[in-house]
Amino acid sequence: MVNSHPKIVNIVNFIRLLEPRDPAITEDVLYQTVVKQVEMMKKYHLGGTFLLQYDALMDDRYQKLLKSLPRDSFEIGGWWEIPQPMVERAGLKWRGRYPWDWRANIGFATGYTPAEREKLTDVYMADFKKIFGYYPKSVASWFIDAHTLAYMYTKYHIVASANCKDQYGTDGYTMWGGYWNQAYYPSKINSYMPAQNEKNQVPIPIFRMLGSDPVRQYDNGLGTTRQGVITLEPVYKDGGGDSTWVKWYFKQFVEGADMEFAYTQAGQENSFTWDAMAKGFEIQLPLIAQLRDAKKVKVETLAASGKWFKERYKVTPSTSVTVNEDLPGSDRKTVWFNSRFYRVNLLWENGNLRFRDIHLFNERLPSVYETKVATSNECTFFTLPFVDGYIWSKPSQIAGLRFKAIIDGKETLITGGKPVITDKVPGKLHISWPVTSFDGTLVMDLDARTVNVKLVTKQPVKWYLDMTTADGAKLPFTKVGANAVNCSFEGLNYSVLALAGSFSKPDNGAVFRVMPKGNDLVLDLAGKK
């Protein structure tokens, strides 16, 4: 390994029996896609996880194919989309337009009452055990509510789950502000919200799927109603289907500071068909095998990752995703920091630096879907925003908390060179950014609860951060005080405190300003009330 932190790759392919959205995608096309996935994984001696939707679970061909896989390197688990035969087997009425209907209130657990979710779970688990002789260890989906996860854990002892990457409006699902990539323990009342305490968490790690581009995915589709997709998924020509992107992605994955471990999910659902994903698979699998052979990545099943996580962490750890150099032709660099209390994204662009995103986590914020049935074909999941460079932006006005200084009497964006991002001290992410606007270095230390920023310079400099947003953005701020910014979102009040430094409302149009005390600034992001 490059360091003692494992770089974990799960190859996860999930399987649907049918695809009502396209008559050309027959059941046979879907089956042959899985056959090809198995062939290619075996060719490179790569194990992985196949997750079955209920209707595929009940199909003889999939049963025979998947039973033939060696259990020491392949895992069979559950894909938690809800099709007609599963609903009817549970004694419930099917409301869908097709035998599988992808709408959030029909094809997902959110469309059913908690009691109905338990019945659906019992049906799936009983039939899975009848076919394979054991209960699945992993059950994943774009989204599974905390009630269902807790039931699966308590009664059937699953060890891992996975949900969709952060996205806005894609396929009727908005999941925004969560623990970015990697894995977390969810709150008992909200499976999208990381818990802060062991007693309030469902003890199942949820891994974030699809391998988002750490630089581009966040802003993709800015100014439209939904995001595009730039991920490791092999069907995307700007991501997992492009050899330059894939090599870049894995280089950053292997070399970037991660604090504890790095995680990515390769693979693809069969609905996209082999013709669309073959090129991406042919690019990715040999590279993953090569990195494995060089001991730079660890390829394992989702269940193995879940078991490892549970043995190692009692609560959600602090982790980071670091991009030290961007694709050819771009100078952007970024780091995502996550703890059980908050997430932060820093972006260096055109020599400047801004906080592109800060969201706080609070295990007390319930998800409406934990107790109520989703009635809309779209579902939304949020955490608590403090900086949102996507929702609060327009193409002409990009929101962010920007580093500025007064130089020669003028307010100027601070410019600098290449940041150095390291994780040598356990639990801390250390960032050193050489400034070129004046002689100095901005040093940042991020830990589970706080962000510490210090300017090291021999000359006095007036520096600060300004929060700006697009005109008309709906913001959560209720009061900007000297020591705290008070916020309210989805009925929950929360604050960000300045332990060193202060907040104010400047007269330059910024929403608020953060001033250091001397050259020190410490923000408490632990979400205190």
Side-chain angles (χ1 to χ4, degrees), residues 1-12 44 46-49 162 164-166 179-184 205 207-218 220 229-234 236 238-268 280-302 304-305 308-309 317-328 330 332-338 343 345-348 418-424 429 431:
M1 293 284 174
V2 172
N3 57 29
S4 61
H5 303 170
K7 312 283 186 174
I8 298 168
V9 179
N10 291 162
I11 301 173
V12 180
Y44 292 102
L46 290 165
T49 298
C164 188
K165 65 173 174 57
D166 261 36
Y179 193 100
W180 203 87
N181 207 60
Q182 320 300 56
Y184 66 96
F207 292 83
R208 304 303 302 271
M209 295 180 76
L210 308 180
S212 284
D213 183 320
V215 178
R216 274 160 288 280
Q217 174 62 45
Y218 184 87
N220 196 14
V229 179
I230 307 177
T231 65
L232 191 57
E233 292 168 273
Y236 290 111
D238 294 330
D242 176 75
S243 60
T244 303
W245 187 93
V246 170
K247 284 173 191 162
W248 164 80
Y249 179 87
F250 276 106
K251 186 173 193 288
Q252 302 309 308
F253 177 77
V254 166
E255 294 177 3
D258 57 50
M259 299 182 68
E260 287 288 335
F261 69 99
Y263 175 81
T264 196
Q265 177 250 318
Q268 190 85 64
F281 261 83
E282 283 157 8
I283 292 165
Q284 290 183 27
L285 265 56
L287 178 58
I288 292 169
Q290 187 187 328
L291 291 168
R292 175 206 56 200
D293 294 345
K295 297 198 165 24
K296 290 183 174 177
V297 304
K298 182 165 75 163
V299 181
E300 64 186 12
T301 63
L302 180 55
S305 297
W308 170 83
F309 189 96
S318 298
T319 64
S320 57
V321 178
T322 303
V323 171
N324 290 310
E325 57 181 331
D326 201 4
L327 286 163
S330 169
R332 287 185 289 182
K333 294 155 195 71
T334 197
V335 64
W336 290 87
F337 171 90
N338 303 285
R343 81 170 192 189
N345 179 231
L346 285 156
L347 183 75
W348 287 264
K418 185 174 179 179
V420 178
I421 302 166
T422 55
D423 57 1
K424 288 176 183 145
L429 187 71
I431 301 163

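FYI, the numbering just counts along the sequence from 1.
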(message) Has Gln217 got a side-chain atom pairing as donor or acceptor with Thr231's backbone, closer than 3.5 angstrom?
(response) no
(message) For the backbone of Tyr263 and the side chain of Gln182, can you confirm whether one donor and one acceptor N or O come within less than 3.5 Å of each other?
(response) yes
(request) May I ask you to decide if Gly240's main-chain N or O and Gln284's side chain share a donor-acceptor pair within less than 3.5 Å? (result) yes
(request) For Asn345 and Val335, indicate whether the former's side chain and the latter's backbone hold a donor-acceptor pair under 3.5 Å. (result) yes
(message) Does Asn10 form a side chain to side chain donor-acceptor pair (under 3.5 Å) with Thr49? I'd like the steps, not just the answer.
(response) CA-CA 7 Å; Asn10 291 162; Thr49 298; over 6 Å; no
(request) Decide yes or no on side-chain contact (heavy atoms from CB on, under 4.5 Å) for Gln268 and Glu233, but give the supporting numbers first. (result) CA-CA 6 Å; Gln268 190 85 64; Glu233 292 168 273; 3.3 Å; yes
(request) Could you please spell out the steps behind the side chain to side chain donor-acceptor pair (under 3.5 Å) verdict for Tyr249 and Thr264? (result) CA-CA 10 Å; Tyr249 179 87; Thr264 196; 2.7 Å; yes
(request) Indicate the atoms forming the closest heavy-atom contact of Gly267 with Phe281, along with that distance. (result) CA-CZ, 4.1 Å
(message) The test is side-chain contact (heavy atoms from CB on, under 4.5 Å); show your working for Val299 and Ile11 and say whether it passes.
(response) CA-CA 8 Å; Val299 181; Ile11 301 173; 4.3 Å; yes
(request) Kindly indicate whether the side chain of Met259, heavy atoms from C-beta on, has any atom under 4.5 Å from the side chain of Ser320. (result) yes
(message) Using salt bridge (Lys or Arg N to Asp or Glu O under 4.0 Å), reason through Lys247 and Asp242 one step at a time and then give a plain yes or no.
(response) CA-CA 9 Å; Lys247 284 173 191 162; Asp242 176 75; over 6 Å; no
(request) Supply the atom-to-atom distance Asp213 CG to Asp238 CG, rounded to the nearest 0.5 angstrom. (result) 9.5 Å
(message) For Cys164 versus Leu210, what's the shortest heavy-atom pair and its separation?
(response) SG-CD1, 4.1 Å
(request) For residues Asn181 and Arg208, report the shortest heavy-atom separation together with the two atoms involved. (result) O-CG, 3.2 Å
(message) With a 4.0 Å cut-off on N to O distance, would you call Glu325 and Lys251 a salt bridge?
(response) yes
(request) Could you check Leu291, Leu232, Ile288 and say which one makes a side chain to side chain contact (heavy atoms under 4.5 Å, CB included) with Val9? (result) Ile288
(message) Do Val297 and Ile8 have side chains that approach each other closer than 4.5 Å (heavy atoms only, starting at C-beta)?
(response) no
(request) Please examine the side chains of Asp423 and Glu260, heavy atoms only from C-beta on, and report whether any two atoms are closer than 4.5 Å. (result) no
(request) Could I get the full list of side chain to side chain contact (heavy atoms under 4.5 Å, CB included) partners for Pro205, not counting sequence neighbours? (result) Tyr185, Phe207, Phe309
(request) For Ile431 and Pro419, work out which heavy atoms get closest and say how close. (result) CG2-CB, 4.5 Å
(message) Rounded at 0.5 Å granularity, tell me how far OG in Ser212 sits from CD1 in Ile230.
(response) 9.5 Å
(message) Ignoring hydrogens, what is the shortest heavy-atom contact between Arg332 and Asp326? Give both atom names and the distance.
(response) O-CB, 3.1 Å
(message) What I'd like to find out is whether the side chain of Gln265 reaches to under 4.5 Å of the side chain of Met209, using heavy atoms alone.
(response) yes
(message) Side chains of Leu429 and Ile421, heavy atoms from C-beta outward: is any pair under 4.5 Å?
(response) yes
(request) State, yes or no, whether a side-chain contact exists between Asp258 and Lys7 at a heavy-atom distance under 4.5 Å. (result) yes
(message) Which residues pass the side-chain hydrogen bond (donor to acceptor under 3.5 Å, both in side chains) test with Thr301, not counting sequence neighbours?
(response) none
(request) Apply side chain to side chain contact (heavy atoms under 4.5 Å, CB included) to Leu327 and list each qualifying residue two or more places apart in sequence or on a separate chain. (result) Arg216, Thr244, Trp245, Trp248
(request) Could you check Trp180, Tyr179, Trp336, Tyr184 and say which one makes a side chain to side chain donor-acceptor pair (under 3.5 Å) with Thr319? (result) Tyr179
(request) Determine the minimum heavy-atom distance between Asn324 and Gly256, stating which atoms define it. (result) ND2-CA, 4.0 Å
